[in-house]
Engineer: 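Before we start, here is the structure in question, set down as structure tokens.
Positions are given from 1, in the same order as the sequence printed here. Quick caveat: nothing in here was measured; it's all calculated off a predicted structure.
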Amino acid sequence: MKFSDISKPSKDLLNDDYTSSLTLKCKGKAGPVGVTIETERSAAGTLSSKVGGKFAYAGLNFDKVQAKADGSNVLETSLTPCTGCKMTFKANKGADLGVEYTAKGMTTTGSLDVLNMSKFSTSTCIGVAPGINVGGDLSYNISGDKGGLSSYNIGASYATGPLFASVTSASKLSQFNVGVLYKVNGDLSLASSTTHSSGKACDVLSVGGSYSGLGSVGIIKAKVGSNGVTSACMIKEVAPKVNLTASGSVSGADFSTFKYGIGITM
């Protein structure tokens, strides 16, 4: 497990699938190349698309080669020089060279901004016992007036039976974020996200759940945020390999603030 994924179970339930966009994502194969076309409709009614591909050549994986509607491009590649070690290169607005090494329950990552040579980041996560992971990350500014250690944080997670809990710090240990996920049964899961700091002992960011017991409807998710926004979404396979996600949100009881989103993946 990477340190960036130490809170993943609760975060995914509370954040994934909620949308206020209208999107269509099509996936297919063109020989050995996996092709993806993503189209989004803006509030003004205009359509913009991204075309991407995924393939491997001579041991080098091209994980993402994408052209965007605004003329920009994305390139993500990876290479496995030895067992447990993966080297990556990601270019979008910047360019980062990374390495990820996993051995005996420990995953260490490193990333260097090779475009501006301005920042280096690293993280480590260790499985110290069954269901228990601890780790930390830090970033160091190499150049500029703000040279030096720019951020550092720690975290831990615990999973046993239906319960998952994580604690991670933010803002150089000045704030702690707690995520909890509890699987009530095979169909119902509940999750919460809270923050704790010296300025505010407890701030409940969101509380939500997921229910999959209605087979004809699909998966139903809902959450309430500390900002008063209530959100809900439905995820259903409407045809073989065609998934529909419908989402909506409203602030308090003011239905003039209602927003909706629909996404189709095929």
Side-chain angles (χ1 to χ4, degrees), residues 1-8 11-12 15-21 23 25-27 33-43 46-82 84-102 106-125 135-155 168-175 177 263 265:
M1 175 190 290
K2 293 188 289 187
F3 180 71
S4 58
D5 295 331
I6 204 165
S7 303
K8 183 176 173 62
K11 282 185 176 180
D12 284 355
N15 297 327
D16 284 1
D17 303 313
Y18 295 99
T19 180
S20 59
S21 302
T23 60
K25 186 174 183 179
C26 301
K27 299 179 180 180
V33 181
V35 179
T36 302
I37 301 175
E38 301 176 57
T39 303
E40 181 174 346
R41 181 180 183 272
S42 70
T46 59
L47 299 178
S48 61
S49 296
K50 297 181 288 187
V51 181
K54 179 180 181 180
F55 60 96
Y57 179 75
L60 178 63
N61 298 311
F62 291 83
D63 301 313
K64 190 174 186 179
V65 181
Q66 187 180 75
K68 297 183 178 181
D70 60 4
S72 62
N73 300 292
V74 178
L75 173 64
E76 297 183 5
T77 65
S78 63
L79 177 68
T80 304
C82 60
C85 180
K86 182 170 75 171
M87 301 186 68
T88 63
F89 176 75
K90 298 182 179 181
N92 189 355
K93 295 180 180 179
D96 297 312
L97 182 64
V99 62
E100 178 183 323
Y101 183 72
T102 301
M106 180 180 72
T107 299
T108 300
T109 67
S111 178
L112 174 65
D113 172 12
V114 294
L115 179 63
N116 301 310
M117 298 301 293
S118 61
K119 186 178 181 180
F120 172 76
S121 303
T122 185
S123 72
T124 297
C125 187
D137 65 7
L138 64 85
S139 296
Y140 189 90
N141 289 332
I142 301 172
S143 61
D145 297 335
K146 297 182 179 179
L149 197 61
S150 58
S151 69
Y152 50 88
N153 289 292
I154 57 174
T168 57
S169 68
S171 303
K172 297 181 179 180
L173 309 182
S174 64
Q175 175 181 303
N177 308 315
T265 302

Engineer: Is the Phe62 to Phe55 ring centre distance short of 6.0 Å?
Structural biologist: yes
Engineer: Answer whether the closest heavy-atom distance between the side chains of Ser121 and Leu138 falls below 4.5 Å.
Structural biologist: no
Engineer: Side chain of Asp70, backbone of Ser72: donor and acceptor closer than 3.5 Å?
Structural biologist: yes
Engineer: I need the single residue from Thr108, Thr107, Thr109 that forms a side-chain hydrogen bond (donor to acceptor under 3.5 Å, both in side chains) with Ser123. Which is it?
Structural biologist: Thr109
Engineer: Measure the shortest side-chain to side-chain distance between Lys2 and Glu100 over non-hydrogen atoms and say whether it is less than 4.5 angstrom.
Structural biologist: yes
Engineer: Would you say Leu60 and Thr77 make side-chain contact, with heavy atoms under 4.5 Å?
Structural biologist: yes
Engineer: Kindly indicate whether the side chain of Ile6, heavy atoms from C-beta on, has any atom under 4.5 Å from the side chain of Thr168.
Structural biologist: yes
Engineer: Mind checking whether Thr36 and Lys25 have side chains closer than 4.5 Å, heavy atoms only?
Structural biologist: yes
Engineer: CZ of Arg41 to OG1 of Thr39: how many Å apart, nearest 0.5 Å?
Structural biologist: 13.0 Å
Engineer: To the nearest 0.5 angstrom, please state how far the OH atom of Tyr140 sits from the CG atom of Leu112.
Structural biologist: 13.0 Å
Engineer: Evaluate side chain to side chain contact (heavy atoms under 4.5 Å, CB included) for Thr124 paired with Met106, printing each intermediate quantity in order.
Structural biologist: CA-CA 7 Å; Thr124 297; Met106 180 180 72; 3.9 Å; yes
Engineer: Using the side chain to side chain contact (heavy atoms under 4.5 Å, CB included) rule, take Glu38 and Gln66 through it: C-alpha gap first, then chi angles, then the decisive distance, then the call.
Structural biologist: CA-CA 10 Å; Glu38 301 176 57; Gln66 187 180 75; 3.6 Å; yes
Engineer: Is the shortest heavy-atom distance from the side chain of Ser118 to the side chain of Asp113 under 4.5 Å?
Structural biologist: yes
Engineer: Please round to the nearest 0.5 Å and tell me the distance separating atom CG of Asp16 and atom NZ of Lys11.
Structural biologist: 11.5 Å
Engineer: Any sub-3.5 Å donor-acceptor pair from Ser42's side-chain atoms to Thr46's backbone N or O?
Structural biologist: yes
Engineer: Checking side chain to side chain contact (heavy atoms under 4.5 Å, CB included) for the pair Thr19/Asp17: CA distance, chi angles, key distance, verdict?
Structural biologist: CA-CA 6 Å; Thr19 180; Asp17 303 313; over 6 Å; no
Engineer: If only atom types and distance count, is the side chain of Asp5 paired as donor or acceptor with the main-chain N or O of Lys8 below 3.5 Å?
Structural biologist: no
Engineer: Looking only at heavy atoms, which two atoms of Ala170 and Asn177 are closest? And how far apart?
Structural biologist: CB-ND2, 3.8 Å
Engineer: Which atoms form the tightest heavy-atom contact between Cys85 and Pro81, and what is the distance?
Structural biologist: O-CD, 3.4 Å
Engineer: Of the non-hydrogen atoms in Ser78 and Asp63, which two are nearest, and what is the gap between them?
Structural biologist: OG-OD2, 2.8 Å
Engineer: So, for Ile154 and Phe3, which heavy atoms are closest and what is the spacing to 0.1 Å?
Structural biologist: C-CZ, 3.7 Å
Engineer: Can you name the nearest heavy-atom pair linking Gly94 to Leu115, along with the distance?
Structural biologist: CA-CD2, 3.8 Å
Engineer: Nearest 0.5 Å, what's the NZ-CD1 distance between Lys27 and Ile37?
Structural biologist: 13.0 Å
Engineer: Are more than 12 heavy atoms from other residues, nucleotides or ligands located less than 6.0 Å from atom CE of Met87?
Structural biologist: no
Engineer: Using side chain to side chain contact (heavy atoms under 4.5 Å, CB included), reason through Asp137 and Tyr152 one step at a time and then give a plain yes or no.
Structural biologist: CA-CA 6 Å; Asp137 65 7; Tyr152 50 88; 5.7 Å; no
Engineer: Any side-chain heavy atom of Lys119 within less than 4.5 Å of one from Ser139?
Structural biologist: yes
Engineer: Do Leu79 and Phe89 come close enough that some side-chain heavy atom pair is under 4.5 Å?
Structural biologist: no
Engineer: Donor-acceptor pair, Ser21 side chain versus Thr23 backbone, under 3.5 Å?
Structural biologist: no
Engineer: Where is the tightest heavy-atom contact between Asn61 and Ala56, given as atom of each residue plus distance?
Structural biologist: OD1-CB, 3.4 Å
Engineer: Is the backbone N or O of Asn153 less than 3.5 Å from a side-chain atom of Ser169, with the two atoms forming a donor-acceptor pair by type?
Structural biologist: no
Engineer: Could you measure the distance from the OG atom of Ser150 to the NZ atom of Lys172? Nearest 0.5 Å is fine.
Structural biologist: 7.0 Å
Engineer: If I take atom NZ from residue Lys54 and atom CD from residue Glu76, how far apart are they, to the nearest 0.5 angstrom?
Structural biologist: 10.0 Å
